[in-house]
Amino acid sequence: MSTDKNCLIDIWHLLSCTWFKIQIEIMPVYTDQDPLNMEKWLPKTRQSIPLHTLTEQSECAGKYVKGKVVFKGPLLHIGNHLKYLLKSVIQEDVPKQSQASNNISINVVLFGGLAKDFSHAVNQGDTVVLSGFTVSPSPTFMKDQLHHCNLHLDGTEANVHVCAATAPTVGTSGASATVLSAPAKYVYVPLNTLKHGSQVNVYGVVTFFKLPFPTKGTDYCSTLKLTDPSGATVSCTIFCENQENHPKIFKAGDVIRLHRVKAQMFGGSMTLVTCWGWSALTFDGTVGSPVVPRTDKSFHFSEEDRHRVMELRKWAAHELSVLREPTVPLSAVVPRQYFDFTCQLLAKACLDSACTLLKVWDGTRCRYPFPTIPVEPGTLEGEIPAGTNTQNLIADVLVYDNHVEVAQALKPGMFLCIYNLHAVPQMVAGEACTVQEVLSFHLHGGTSYGRGLCALPTSSPDVSKLQRALQSCAEQMEGDMDSSWDDLTWCTASQLSNGVIGECPTVRKCTHTLQKVSLAHVKSSSPPEMFHVKAQVKSYQPKRLYQCLKLFCSQCKTIEEIPDPETLRARFGQAVRDTRPCRAAWADSLTTDTEDPSRQITLHVSSKSPADSDPKLIFVQGASFDDICHLSSDEEFMIPVKSSRGKLAFLDSMVPFLFRGKRQFYGCRQCSVRKFVKSVEGLEEGNEKSISEALGLQLMEYVLVMKFELDDGTATLEALLLEDSKDNFFHVSADDLSHSQEAQEKMQKIMDSLHPPDGSTLQCPWLELCLSLYAVGENGKSEVHCQIVNTQIKESPVDR
DNA sequence: TTAGGCTTGG
């Protein structure tokens, strides 16, 4: 990718638009733009059936329901992982005063490929039209009070049409969510005013917490103790099936917002328990740290909410100063102490089914020596840097029983908080028959005192503090000639993860011999320059694949949006209005009537057609957009034409000038020289490129444009990703993405692996990337942009 | 439905 091209293609502004006016069908979930006119997709015989009138006895053949998605569950794999299931709740649009009536929301269960497509194409807040469903009694009616029936969508009859919401949705939840049809104004009650049996929204500061642990039922449970300026302290119990969807609390002092939780008296104290539709947002409690909720999901958050979080932080800092005690560094640990420990994992080893060893450090040295814990050769995952001066610096933590599962999921390089770690003193034989006191560290089984461990996000202020301590420690050890600690960047997560955290899914294809640098370094550099970095994808946009595709003219370098089908219908409609007969001397023509008496379709085929084996060229006059889509097959190229001053002319404005099966090709408005059709003879190759050249039109190529937010712990950086004929990150051509479901699924799968839809950044793999930093000038102003170049996803043998 | 804080004992 040349810098020139970068300068010419200023696509940045295109990406700043929240919604793009393009659509591509992802079968069998169809996308649409206008929520009021979605029924146009359906056969005219289909009738609407309002949700509140739907019963088990309703005749559903030929019917459809329409509603807003108020809850979208995760995509579940059943059995051998090849079958899918997804549960959603839709709510019909009824006048506000009628919303008290029952049965306006209904559970929808989708199966198979439809569930998978729904998961990708539909978001909470979108409007959907469902058809081809079956009705069954709702087994959860007593619990959720939604609707007596459930809708099941399975098999080839079932269809979903979706119209994306135009604004972020309101409300979110780990377990389930209720999205109100109008923006909700939440009322938060002080913790000293809770009434038994009421459903409330509250803000609170966490004074105690237990990480999620499995219950005897189906859920994980986490317990919190909350307080607020009212002085009340209430216990709160969270039930949620997925550990990841529990509120992310890392330390006492964190701030939490809870929506739709139930107040209950238990043992003489008021408690809060989650109920259907609950949601939570959590925030770091540090005064002055960014007010960013720890969630990847959409949420409703106003300026007033931001203010509340900041006020609670200030209040807690003054009134609950005991909470602000930092975790204990290794240098301050004393024998027999139970303490919370923030550290980085260097290596781990499974000792037996009930015990995992973690080798960790926090950049400080313990006052007591550590015992040596033997590890079977080859069982240690991770690397311990060589050196002679590591005494009392790297601690062995023995993790027991219920915590082993969490420990086994950790990867070297991660930052951890270990809660209620026990410093166990042991007397061992020292030199010359002396006895020496050493400290070993045990995370015992059970959850008393909040015992447990979790990975911390790199955005946490505690991690920033830890990173500074690690950096400073590494600097101090620089003088140790025998050590590998003198690489100052060693202690950053990205360097440590090199070859340690799983396999890197990307590979650089360039020949640069560049030293790897941090994103902070890239950000402080001046363009033009190339860099090699290692980073994670913190977020990306657009989220929907069909919003990433654009049209690009390699001649004039302009980028255009792809018109949506409705726009194309309108443009065709105008162009085919004039159906006066038009004959070309070079062609054989055939005219047929259509259902519309005012319109005829004429097909013109060159009498000197290219060789029989080549795809045929058929010029189609008077056809609507839908006609052409219907007529087009892989066997021939179709060129829509109109009559203009007695001659055959191409349709003007932005419509495809060439159709072949599901593929549609556009010409560049600026660079196409010809308006009228001339005979096409002697075509040597029957492909879109040679045909467009012969027709005198400049073919536009499909390109894929995305923006990644990269993070390597030192900084975040927005980088553009362009998939075109030169750069091929996904190994999927943008042209294929425009029409092939297989290509669309492949790319979605890759994006899900780079940034799991429901995961935290910690679960994102580290990517080796080549970055190009360049300046784009416009009206005397210059902006610095960054682009991922020369980088490809590694292909697995199965994908090839 | 589940849990309803309050130290292992390696």
Side-chain angles (χ1 to χ4, degrees), chain A residues 139-144 174-176 194 196-197 204-227 233-243 245-247 249 251-254 256 258 261-276 278 322-323 328 333-341 349-358 370-375 395-404 407 418-428 438-453:
Chain A
T140 54
F141 176 70
M142 292 306 286
K143 183 180 165 188
D144 58 33
S176 48
L194 302 180
H196 176 74
V205 176
V206 177
T207 61
F208 170 80
F209 67 101
K210 269 189 187 187
L211 296 171
F213 57 92
T215 64
K216 288 176 186 160
T218 56
D219 293 335
Y220 276 84
C221 173
S222 52
T223 56
L224 312 172
K225 195 153 249 184
L226 308 180
T227 187
T233 299
V234 297
S235 295
C236 177
T237 308
I238 311 278
F239 289 110
C240 180
E241 206 167 0
N242 299 318
Q243 261 177 295
N245 290 335
H246 277 254
I249 305 287
K251 65 197 287 189
D254 283 350
I256 186 165
L258 285 163
V261 286
K262 206 157 139 191
Q264 284 179 346
M265 280 301 279
F266 177 78
S269 309
M270 192 56 76
T271 62
L272 290 169
V273 188
T274 52
C275 52
W276 197 86
W278 71 278
V322 65
L323 295 177
V328 180
V333 173
V334 294
R336 281 170 286 279
Q337 188 174 8
Y338 285 92
F339 64 107
D340 293 347
F341 183 43
C350 179
L351 299 188
D352 61 55
S353 64
C355 186
T356 290
L357 169 70
L358 302 181
F370 304 142
T372 308
I373 295 175
V375 177
D396 284 342
V397 173
L398 292 167
V399 174
Y400 287 102
D401 305 337
N402 54 315
H403 310 299
V404 166
I418 307 178
Y419 305 97
N420 199 236
L421 186 59
H422 191 191
V424 182
Q426 284 176 307
M427 301 308 280
V428 296
V438 297
L439 276 191
S440 64
F441 298 95
H442 297 232
L443 184 70
H444 299 297
T447 61
S448 342
Y449 280 84
R451 192 178 302 134
L453 76 168

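Computation of the quantities below employed the complete heavy-atom set of this structure, encompassing side-chain atoms and omitting hydrogens, waters and symmetry-equivalent molecules. A note on names: the letters A, B, ... follow the listed sequences, proteins ahead of strands, and every chain is numbered from 1.
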> Which nucleotide in the set dT7(B), dA3(B), dG10(B) lies at the smallest distance from any side-chain heavy atom of Tyr338(A)?
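In terms of side-chain proximity for Tyr338(A), the closest of dT7(B), dA3(B), dG10(B) is dT7(B).
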
> Separation of Lys210(A) atom NZ from dT2(B) atom P, in whole Å?
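Rounding to the nearest Å, NZ of Lys210(A) and P of dT2(B) are 17 Å apart.
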
> Expressed in angstrom and rounded to an integer, what is the separation of Lys262(A) atom NZ from dT2(B) atom P?
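Roughly 14 Å, once rounded to whole Å.
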
> For a side chain to side chain contact (heavy atoms under 4.5 Å, CB included) with Leu443(A), tell me which candidate from Asn402(A), Val404(A), Leu358(A), Leu421(A) qualifies.
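Testing Leu443(A) for a side chain to side chain contact (heavy atoms under 4.5 Å, CB included) against Asn402(A), Val404(A), Leu358(A), Leu421(A) leaves exactly one candidate, Leu421(A).
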
> For Ser235(A), which contact category applies under a 4.0 Å heavy-atom criterion: base, sugar-phosphate, or nothing?
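No contact at all - Ser235(A) keeps every heavy atom at 4.0 Å or more from the nucleic acid.
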
> Sequence neighbours excluded, which residues qualify as side-chain contact (heavy atoms from CB on, under 4.5 Å) partners of Lys225(A)?
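Partners of Lys225(A) by the side-chain contact (heavy atoms from CB on, under 4.5 Å) criterion, ordered by chain and then number, come out as Thr207(A), Phe208(A), Thr233(A), Ser235(A).
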
> Please state the P separation for the pair dT8(B) and dG4(B) - nearest whole angstrom.
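Pairwise P distance, dT8(B) against dG4(B), rounds to 15 Å.
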
> Of His422(A) and Asp219(A), whose nearest nucleotide on DNA chain B comes first from the 5' end?
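First, find each residue's nearest nucleotide; the 5'-ward one identifies Asp219(A).
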
> My understanding is that only residues two or more places apart in sequence, or in another chain, count here; which of them pass side-chain hydrogen bond (donor to acceptor under 3.5 Å, both in side chains) with Thr271(A)?
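side-chain hydrogen bond (donor to acceptor under 3.5 Å, both in side chains) check on Thr271(A) returns nothing, list empty.
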
> Please identify each residue that fulfils side-chain contact (heavy atoms from CB on, under 4.5 Å) with Tyr220(A), with sequence neighbours left out.
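If we apply the side-chain contact (heavy atoms from CB on, under 4.5 Å) test to Tyr220(A), skipping adjacent residues, the hits are Pro212(A), Pro214(A), Gln243(A), His246(A), Glu405(A).
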
> Of all residues at least two apart in sequence or in a different chain, which pass the side-chain contact (heavy atoms from CB on, under 4.5 Å) check with Gln426(A)?
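Listed in chain order: Pro371(A), Val438(A), Ser440(A).
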
> Specify whether Phe370(A) and Phe441(A) have parallel, tilted or perpendicular ring planes, treating 30° as the upper limit for parallel and 60° as the lower limit for perpendicular.
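The rings of Phe370(A) and Phe441(A) stand perpendicular, inter-plane angle above 60°.
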
> May I have the distance from His196(A) (atom NE2) to dG4(B) (atom P), rounded to whole angstrom?
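Nearest whole value for this atom pair: 19 Å.
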
> What is the separation between atom CG on Asp401(A) and atom P on dG9(B), rounded to the nearest whole Å?
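Interatomic distance, CG of Asp401(A) to P of dG9(B): 7 Å.
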
> In whole Å, what is the span from the CG atom of Leu398(A) to the P atom of dG9(B)?
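Going from CG in Leu398(A) over to P in dG9(B) covers 12 Å.
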
> How many Å lie between CD1 on Ile238(A) and P on dT2(B), as a whole number?
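Going from Ile238(A) (CD1) to dT2(B) (P), I get 17 Å.
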
> Checking all strands, does Phe209(A) fall into the base, sugar-phosphate, or nothing category for heavy-atom contacts under 4.0 angstrom?
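Nothing, no nucleic acid heavy atom in range.
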
> For Phe239(A) and dT1(B), is the gap between ring centres under 5.5 Å while the planes differ by less than 30°?
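Here the ring of Phe239(A) and the base of dT1(B) are not stacked, as the 5.5 Å and 30° limits are not both satisfied.
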
> Kindly state which residues belonging to residues 444-452 of chain A come within less than 4.0 angstrom of DNA chain B, counting heavy atoms of the residue only, listed by number.
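DNA chain B contact set from residues 444-452 of chain A: His444(A), Gly445(A), Ser448(A), Tyr449(A), Arg451(A).
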
> Checking only heavy atoms, does the side chain of Thr218(A) share a donor-acceptor pair with the base of dT2(B) at less than 3.5 Å?
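Answer is no: no donor-acceptor pair is held.
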
> Nearest whole Å is fine: how far is dG9(B) P from Arg336(A) CZ?
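Those two atoms, CZ and P, are 18 Å apart.
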
> NE2 of His246(A) versus C1' of dA3(B): gap in Å, rounded?
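Rounded to whole Å, this separation is 12 Å.
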
> If you check every side-chain atom of Phe208(A), which of dG4(B), dT2(B), dG5(B) has the closest atom?
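So the nucleotide nearest the side chain must be dG5(B).
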
> Look at all strands and tell whether Cys221(A) reaches a base, only sugar-phosphate, or nothing, counting heavy atoms closer than 4.0 Å.
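If one applies the 4.0 Å heavy-atom cut-off, Cys221(A) turns out to touch the sugar-phosphate alone, with no base involved.
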
> With sequence neighbours left out, write down each residue that passes salt bridge (Lys or Arg N to Asp or Glu O under 4.0 Å) with Asp219(A), or none if nothing qualifies.
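Not a single residue meets the salt bridge (Lys or Arg N to Asp or Glu O under 4.0 Å) criterion with Asp219(A).
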
